[in-house]
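Below: one structure, written as structure tokens.
First listed ligand is number 1; within each ligand, the first listed atom is number 1. Computed from a predicted model, the values in this text were never measured in an experiment.
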Amino acid sequence: MKKGTQVLTDRKKQTTEVITPPKTATQMLYEHHGVLRGIMERLSRTSRDDIEQRRALTDELYSEVQMHERIEEHIFYPAISDFHPKLDAAWSEHRQMTDQLAALLRADPGGARFEEELRLMRDVLEAHAHLDEELEMFPEVERLMDEAWLVEMGERLQDRLDRLRSSRTLRARHRLERMMLRGPGRLIARTMRRGS
Ligand SMILES: [Fe+2]
Ligand SMILES: [Fe+2]
């Protein structure tokens with residue numbers, strides 16, 4: 001059971017209520033790193049024949065990485081910029097992740113290069129998410145900020161992530177970006193099919 005979770009049992013009403021404590025900002029971001037890792041793990045278990053699945057999982061990874069970078073860059077990083085000195089490095093590592101994600105999207109899911117790009121994607125993600133954020137930035141934020149700040153920031157981050165995930169406009173934008181990255185030929189073919 002999660003730390004801080006309480007189980008309240010009302011014997012008269014014969015009901016049990018499980019109260020889970022709100023997530024802090026660092027717990028929320030750590031868990032979302034887990035989502036990114038989970039997608040890459042599922043991708044690494046696919047074979048070169050699973051082209052459609054590789055494409056679907058890469059699409060999912062694309063959206064989740066973009067949303068992760070967005071909530072950190074728009075909410076979390078500005079909130080810690082006064083006391084965290086290494087934010088420039090974090091921003092440039094986000095650009096590296098975006099570039100590597102583009103390389104993964106461009107790679108043929110049925111070819112050897114896809115596996116190499118996936119391996120590089122894992123390296124780039126872990127260098128940033130694990131080494132810089134989970135081992136350095138997050139513990140520092142937890143040390144310097146109080147529980148109320150951490151919980152409020154966690155709610156803001158989760159709320160923004162939920163809203164981004166349910167945004168049809170963002171979904172359409174990501175779809176278009178992916179098609180452009182995979183090649184204008186694919187985009188033109190799809191547009192022509194829709195028009196016919
Ligand atoms: Fe980050
Ligand atoms: Fe992160």
Side-chain angles (χ1 to χ4, degrees), residues 2-4 20-45 56-107 117-167 169-171 173-174 177-178 181:
K2 195 171 168 184
K3 190 183 163 199
T20 308
K23 271 181 232 166
T24 63
T26 46
Q27 283 167 344
M28 185 271 158
L29 291 171
Y30 184 82
E31 280 182 23
H32 198 240
H33 288 170
V35 171
L36 306 181
R37 288 182 177 115
I39 300 168
M40 287 200 289
E41 177 60 33
R42 280 188 283 152
L43 261 172
S44 69
R45 288 201 299 265
L57 286 168
T58 312
D59 287 355
E60 193 182 340
L61 183 66
Y62 184 85
S63 289
E64 292 294 333
V65 168
Q66 296 285 351
M67 290 187 288
H68 189 83
E69 291 184 352
R70 190 144 151 182
I71 61 172
E72 286 186 340
E73 291 176 8
H74 288 206
I75 301 174
F76 188 62
Y77 290 175
I80 64 169
S81 61
D82 283 347
F83 62 86
H84 189 78
K86 292 189 183 168
L87 280 178
D88 284 351
W91 281 83
S92 75
E93 285 166 2
H94 278 194
R95 298 289 77 78
Q96 281 175 25
M97 289 203 302
T98 304
D99 289 348
Q100 186 52 40
L101 199 51
L104 181 65
L105 251 89
R106 283 194 209 102
E117 299 294 1
L118 180 62
R119 191 185 63 73
L120 289 170
M121 183 72 216
R122 194 181 304 119
D123 290 350
V124 170
L125 177 81
E126 291 305 330
H128 173 66
H130 184 61
L131 296 181
D132 287 350
E133 292 189 332
E134 292 168 5
L135 292 185
E136 272 195 48
M137 183 191 288
F138 293 176
E140 189 189 17
V141 172
E142 284 165 359
R143 189 170 56 81
L144 292 172
M145 306 311 281
D146 63 24
E147 186 72 10
W149 186 96
L150 289 165
V151 167
E152 200 224 315
M153 179 58 61
E155 284 169 354
R156 281 181 63 196
L157 291 166
Q158 188 64 57
D159 180 61
R160 182 69 68 90
L161 180 64
D162 292 343
R163 279 191 286 133
L164 291 172
R165 275 192 180 136
S166 59
S167 165
T169 311
L170 187 67
R171 216 173 304 140
R173 199 178 104 189
H174 285 168
E177 287 170 358
R178 289 193 304 261
L181 284 166

message: Counting C-beta onward and ignoring hydrogens, is there a side-chain heavy-atom pair between Met67 and Leu170 closer than 4.5 Å?
response: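 A side-chain contact exists here, since the closest heavy-atom pair is under 4.5 Å.
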Pair [X] + [Y]: basic N to acidic O under 4.0 Å:
X	Y	value
Glu60	Arg42	yes
Asp123	Arg119	yes
Glu126	Arg37	yes

task: For the pair His33 and Phe138, name the ring-plane relationship: parallel under 30°, tilted 30 to 60°, perpendicular over 60°.
output: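 Ring orientation of His33 relative to Phe138: parallel.
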query: For the Fe ion (ligand 2), how many protein N, O or S atoms lie at less than 2.8 Å?
result: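 Under the 2.8 Å cut-off, the count stands at 4.
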task: To 10°, measure the OH(Tyr77)-the Fe ion (ligand 1)-NE2(His94) angle for me.
output: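 That angle works out to 80° after rounding to 10°.
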query: Between His94 and Tyr77, does the ring centroid distance fall short of 6.0 Å?
result: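 They qualify: ring centres under 6.0 Å apart.
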